[in-house]
Amino acid sequence: MASISLKNIYKIFEDGTTAVNDFSLEIEDKEFIILVGPSGCGKSTTLRMIAGLESITQGEMKIGDRVVNSVPPKDRDIAMVFQSYALYPHMSVYKNMAFGLELRKMPKDEIDKRVREAAKILDIEHLLKRKPRALSGGQRQRVALGRAMVRSPSVFLLDEPLSNLDAKLRTAMRTEIKKLHKRLGTTFIYVTHDQTEAMTMGDRIVVMKDGIIQQADTPQTLYNRPFNMFVAGFIGSPQMNFLDAVVSIRDGQIYLIFADNEINVTSVFGGEARLNDYDGRKVKVGIRPEDITNDADFVKKNADKVITATLEVNEMMGSETYLYLDYSGEKIVARVEEAAPEDEVTVLAIKTEKIHLFDPNTTLNILF
């Protein structure tokens, strides 16, 4: 098993494009790390550098205690699972899983033992004689995982392995991969653009944008204490609402002045001396959809936290409803239990203890 250390890693392509910028991260042995971000953020390039499939322009990478910058992929004791599965179409499942071990001249009985053990764990024993074309997407993905497993690597690298599966199967395979990680006790590094995958699978999540780490933390910390507006907006579905407001401190009370009303937030931010610097200044107020409610009892008991907005669309999601609203020209989303009449003014209340405040110029969380 192995820890991984990445220190000040850069990847600059020949045309001058910087794909990864000053990337530093310490990954512990047996940790499940997720690299997440929008397309083009550098997450797959980072994974390929760890694998040795891309050269490192600058910086130092270690697997265990060994610097691996110049070590070829076959000598890094890693296994990679690709988005496309990359199975040999002319080989049976058994041969696909055994091929890498055969190239290493491993004894046949040891190969057979490893392949059958992996097949049993992945529940594909009955598929060993089939060719890839006779398998479903989920079965092919299991074979790809099995091919990596038989090598008993120190590190598993997974590059968007579930993106070709349908929604139901993707959910099931998330659970299977998480169980597999616990069973193998190996370091996993997993790349995805899907923040739901990231939140449900990772011990820690590394949020990337433009080749730069925005925040690396546990799923719950990313959700509750986002470092900046990008992380706040990327983590959570539907994404966080951002509203313009002005901070006003009067008679020891702290108010957020919105377009057509103000909300007293002294009980939440009264002890935050840093807000004194923002008195009379604009801020971005972040509110997650689930922290805006139309519950009649809550609205009645929290009259000082009420806003009114015009409902444009109800989106029924079964046990909950998304309200898409216009609040003084700003678009917001509320996640509630009951729908409301469309094209009418809707009274809502904000759970002020869940509010986030960001500097509109730096986009940083003021209270981080």
Side-chain angles (χ1 to χ4, degrees), residues 1-14 16-73 75-78 80 153-160 181 186-193 195 197-199 201-235 358-359 362-365 368:
M1 304 307 136
S3 59
I4 299 174
S5 174
L6 301 102
K7 293 183 179 179
N8 310 114
I9 300 293
Y10 286 81
K11 178 60 184 180
I12 303 172
F13 289 106
E14 292 181 359
T17 301
T18 300
V20 178
N21 191 334
D22 198 17
F23 187 103
S24 294
L25 184 68
E26 299 294 324
I27 301 171
E28 296 179 7
D29 182 27
K30 302 180 183 179
E31 193 171 15
F32 197 133
I33 285 284
I34 305 278
L35 304 182
V36 68
S39 297
C41 73
K43 55 189 185 294
S44 289
T45 301
T46 301
L47 196 75
R48 290 174 64 82
M49 284 192 289
I50 296 171
L53 301 176
E54 289 283 359
S55 61
I56 297 172
T57 305
Q58 183 180 325
E60 181 184 81
M61 182 185 300
K62 289 183 178 180
I63 298 179
D65 296 324
R66 181 173 64 149
V67 177
V68 296
N69 288 44
S70 302
V71 175
D75 298 326
R76 294 195 180 196
D77 196 19
I78 56 95
M80 191 160 180
S154 296
V155 181
F156 273 83
L157 307 178
L158 300 100
D159 190 6
E160 304 213 30
H181 171 253
T186 309
T187 306
F188 274 45
I189 306 175
Y190 187 107
V191 161
T192 181
H193 64 275
Q195 58 93 16
E197 274 184 29
M199 291 292 285
M201 296 177 72
D203 297 327
R204 278 194 300 154
I205 300 172
V206 181
V207 182
M208 297 181 66
K209 178 189 177 189
D210 300 330
I212 299 170
I213 295 177
Q214 302 297 305
Q215 188 173 355
D217 224 316
T218 63
Q220 208 58 43
T221 300
L222 286 176
Y223 188 81
N224 292 328
R225 299 193 68 220
F227 181 69
N228 57 30
M229 288 178 64
F230 177 80
V231 175
F234 192 83
I235 299 296
F358 301 93
D359 186 300
T362 66
T363 76
L364 299 180
N365 191 326
F368 192 86

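Since the structure is predicted, the reported quantities are computational estimates derived from the model, not experimental observations.
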* Structure fact -> Between the CD atom in Gln215 and the CZ atom in Phe234, the distance rounded to the nearest 0.5 Å is 13.0 Å
* Taking Thr187 for its side chain and Ala2 for its backbone only, find out whether a donor-acceptor pair lies under 3.5 Å. => yes
* With side chains defined as the heavy atoms from C-beta onward, is the minimum distance between Leu6 and Ile50 less than 4.5 Å? -> yes
* Judged by atom type as modelled, is there a donor-acceptor pair below 3.5 Å linking the side chain of Asn69 to the main-chain atoms of Gly59? -> yes
* Nearest-0.5 Å distance, CD1 of residue Ile78 to OG of residue Ser154 -> 10.0 Å
* Asked: Judged by modelled atom types alone, do Ser5 and Glu26 share a side-chain donor-acceptor pair under 3.5 Å?
  -> yes
* Decide yes or no for Leu222 and Gln195: does some side-chain heavy atom of the first lie under 4.5 Å from some side-chain heavy atom of the second? => no
* With distance as the sole test, does Asn365 use its side chain to make a donor-acceptor pair with the main-chain N or O of Pro226 at under 3.5 Å? -> yes
* Asked: Looking only at heavy atoms, which two atoms of Ile213 and Ser24 are closest? And how far apart?
  -> CD1-O, 3.5 Å
* Asp77 side chain reached by Ile63 side chain, heavy atoms, under 4.5 Å -> no
* Stepwise, does the side-chain contact (heavy atoms from CB on, under 4.5 Å) test hold for Met199 with Ile235? -> CA-CA 8 Å; Met199 291 292 285; Ile235 299 296; 3.6 Å; yes
* Asked: Would you say Asp210's side chain and Ile212's backbone share a donor-acceptor pair under 3.5 angstrom?
  -> no
* Asked: Between Thr57 and Ile12, is there a donor-acceptor pair closer than 3.5 Å when you use the side chain of the first and the backbone of the second?
  -> yes
* side-chain contact (heavy atoms from CB on, under 4.5 Å) evaluation trace for Ile56 with Tyr10 -> CA-CA 6 Å; Ile56 297 172; Tyr10 286 81; over 6 Å; no
* To do: Look at atom CG of Asp65 and say whether more than 12 heavy atoms of other residues, nucleotides or ligands are closer to it than 6.0 Å.
  => no
* Supply the atom-to-atom distance Ile27 CD1 to Lys62 NZ, rounded to the nearest 0.5 angstrom. => 14.5 Å
* **Test side-chain contact (heavy atoms from CB on, under 4.5 Å) applied to Arg225 and Asp217, step by step** => CA-CA 10 Å; Arg225 299 193 68 220; Asp217 224 316; over 6 Å; no
* Gap between atom CD1 of Ile34 and atom CD of Glu197 - 0.5 Å precision -> 7.5 Å
* Asked: Can you find a pair of side-chain heavy atoms, one from Phe13 and one from Glu54, that are under 4.5 Å apart?
  -> yes
* Please answer whether the main-chain N or O of Ala216 pairs with a side-chain N or O of Arg204 as donor and acceptor at a distance below 3.5 Å. => no
* Measure the CG-CG distance between Asp22 and Asn8 for me, rounded to the nearest 0.5 Å. => 5.0 Å
* Asked: With side chains defined as the heavy atoms from C-beta onward, is the minimum distance between Met80 and Leu47 less than 4.5 Å?
  -> yes
* To do: Flag the pair Met208 / Thr46 as yes when at least one side-chain heavy-atom distance between them is below 4.5 Å, and no otherwise.
  => yes
* **Phe230 and Thr363, any side-chain heavy atoms less than 4.5 Å apart** => no
* Taking all heavy atoms of Val191 and all of Ser44, pick out the closest pair and write down the distance. => CG1-OG, 3.7 Å
* **Side-chain donor/acceptor of Lys43 to backbone N/O of Pro38, under 3.5 Å** => yes
* Nearest 0.5 Å please: distance from the CG atom of Asp159 over to the OH atom of Tyr190. => 10.0 Å
* To do: Could you check if a side-chain atom of Thr192 sits within less than 4.5 angstrom of a side-chain atom of Met201, using non-hydrogen atoms only?
  => no
* Look at the aromatic rings of Phe32 and Phe188 and report parallel, tilted or perpendicular, splitting at 30° and 60°. => tilted
* Asked: Distance only, no hydrogens: is a donor on one side chain within 3.5 Å (strictly under) of an acceptor on the other, for Lys11 and Thr17?
  -> no
* Test log, rule side-chain contact (heavy atoms from CB on, under 4.5 Å), inputs His181 and Asp203 -> CA-CA 11 Å; His181 171 253; Asp203 297 327; 4.0 Å; yes
